[in-house]
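Working notes, beginning with the structure itself.
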Number of protein chains: 2
Amino acid sequence: MYLSTMDATCAEFHASDPAALERIKERLLTGPLLESVAEVFKLLGDPTRVRLLDALSHGERCVCDLATLVGLSESAVSHQLRLLRAARLVRARRTGRMAFYSLDDHHVIGLLNDTRKHVAEPDPS
Amino acid sequence: MYLSTMDATCAEFHASDPAALERIKERLLTGPLLESVAEVFKLLGDPTRVRLLDALSHGERCVCDLATLVGLSESAVSHQLRLLRAARLVRARRTGRMAFYSLDDHHVIGLLNDTRKHVAEPDPS
DNA sequence: TTGACATATGAACATATATTCATGTATCTC
DNA sequence: GAGATACATGAATATATGTTCATATGTCAA
């Protein structure tokens, strides 16, 4: 197997058996599902949106209350809520000129809490 | 309460009681903890990194195997692994010139699976 | 020691993103 | 109807991000 003339790479003989690698590759997330999963995490990957969801975990709120809570303009908040709405993380209920937002999937709070635990773990190094 | 001369805003009298709002504000994630939580989600918010973590959920892998699995250059993969390592999501073990990466916190796979469930839910609209 | 290899990293570039500002729409009060 | 309010949205801009390319570091074989 140690042919010096071979155009050898790690993937070909140093590491895992190519067939095993291929099997793993087949089981990896791909396509629209992969994109959707990453998209949800991307939405959670912004401090403003984390705070919005955190605020909504205490119950339904109107846009201007949310703006007060996160310390941003109603416009900025509305833009973010639009993104969260598109991913079905929050839902809007209209009453007159008010829009009351609430969590569309309380599972999200679980993600938040789990991640909070991760970052709270002491660094072993 | 309906004083027409008052410089009234939603936050002042239309919606929640200001004191209640203030209590919620005090309980919101802030500072370094907020930033860290968002940072972890931001890392998970990229298809390449999701695939890397997904691949590592099947066990330890060297960089070149990971590059094969995700279909990117070893350089690109190394850059991403560096970010994941900084957030203690993966850990590296060196053996000679090889670097074997593995999950540093299997909790992450839970986050992945939970999110997968969310995006798999049928759209009620 | 020489050359090949596995990985790491800095710079650069193209793309994506978050907020601001201006404006639009719908609703409410007077 | 007129003016104010609550929210939404398009454009613009400044910043962040992911990949590529070139190069560096450490390891192994001959």
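In what follows, every chain begins at residue 1, and chains take the letters A, B, ... in the order their sequences are listed.
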For nucleotides 9-12 of chain D, print each protein N/O atom paired with a nucleotide N/O atom at under 3.5 Å, atom names and distance only.
residue	atom	partner	partner atom	Å
dT9(D)	OP2	Arg82(A)	NH1	3.1
dT9(D)	O4	Ser75(A)	OG	2.6
dG10(D)	O6	His79(A)	NE2	2.8

Between the protein and nucleotides 24-28 of chain C, which nitrogen or oxygen pairs are less than 3.5 angstrom apart?
none

Pairwise N/O distances under 3.5 Å, protein to nucleotides 16-18 of chain C:
residue	atom	partner	partner atom	Å
dT17(C)	OP1	Lys42(A)	NZ	3.3
dA18(C)	OP1	Arg49(A)	NH1	2.8
dA18(C)	OP1	Arg49(A)	NH2	2.5
dA18(C)	OP2	Arg49(A)	NH1	3.3

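What separates CZ of Arg94(B) from P of dT7(C) is a distance of 8 Å, to the nearest Å. Note: CZ (Arg61(A)) to P (dC7(D)) measures 13 Å, nearest angstrom. One can place CE of Met98(B) at 14 Å from P of dT27(D), the figure rounded to the nearest angstrom. Going from atom CZ of Phe100(B) over to atom P of dT27(D) covers 15 Å, rounded to whole Å. What separates CG of Leu66(B) from P of dA6(C) is a distance of 14 Å, to the nearest Å. Rounded to an integer number of Å, the gap from Arg51(B) CZ to dG18(D) P is 16 Å.
Here Arg91(B) pairs with Asp104(B) under the side-chain hydrogen bond (donor to acceptor under 3.5 Å, both in side chains) rule; sequence neighbours left out. Judged as a side-chain hydrogen bond (donor to acceptor under 3.5 Å, both in side chains), and not counting sequence neighbours, the contacts of Asp105(A) are His118(B). The side chain to side chain contact (heavy atoms under 4.5 Å, CB included) test applied to Ala86(A) returns no partner, not counting sequence neighbours. Taking Lys117(A) as the reference, Asp114(A) meet the side chain to side chain contact (heavy atoms under 4.5 Å, CB included) condition, with sequence neighbours excluded. Judged as a side chain to side chain contact (heavy atoms under 4.5 Å, CB included), and not counting sequence neighbours, the contacts of Ala92(A) are Arg85(A), Tyr101(A).
Distances shown here put every side-chain N or O of Tyr101(A) at or beyond 4.0 Å from the OP1 or OP2 atom of dA6(D).
No donor-acceptor pair closer than 3.5 Å links the side chain of Arg61(A) to the backbone N or O of Ala55(A). Thr95(A) places no side-chain N or O within donor-acceptor distance of the main-chain N or O of Met98(A), the cut-off being under 3.5 Å. Proximity of a side-chain donor or acceptor of Ser78(A) to a complementary backbone N or O of Glu74(A) within less than 3.5 Å is not detected.
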Return a table of donor-acceptor pairs under 3.5 angstrom between the side chains of residues 26-33 of chain B and protein atoms on other chains or two or more places apart.
none

_Intermediate values then yes/no, side-chain contact (heavy atoms from CB on, under 4.5 Å), Phe41(B) and Leu43(A)_ = CA-CA 8 Å; Phe41(B) 283 127; Leu43(A) 286 170; over 6 Å; no
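Nearest heavy-atom pair across Pro47(A) and Leu34(B) is O-CD1, 3.8 Å. The minimum heavy-atom distance linking Val37(A) with Arg116(B) is given by the pair CG2-CA, 4.0 Å.
Axis angle across the helix from dT1(C)-dA30(D) to dC30(C)-dG1(D), with five pairs used at each end and values rounded to 10°: 20°.
Summarising the geometry, atom NZ belonging to Lys25(A) is positioned 11.0 Å from atom CG belonging to Asp65(B); distances are rounded to the nearest 0.5 Å.
Considering only heavy atoms from C-beta on, Leu52(A) stays 4.5 Å or farther from Val90(A) through its side chain. Contact annotation: the side chain of Leu89(A) never approaches that of Leu83(A) to less than 4.5 Å [non-hydrogen atoms, C-beta and beyond].
Residues from residues 27-34 of chain A with heavy atoms under 4.0 angstrom of DNA chain D: there are none.
Sorted by first then second residue, the side chain to side chain donor-acceptor pair (under 3.5 Å) pairs that include residues 33-49 of chain B, not counting sequence neighbours, are Arg49(B)-Gln80(B).
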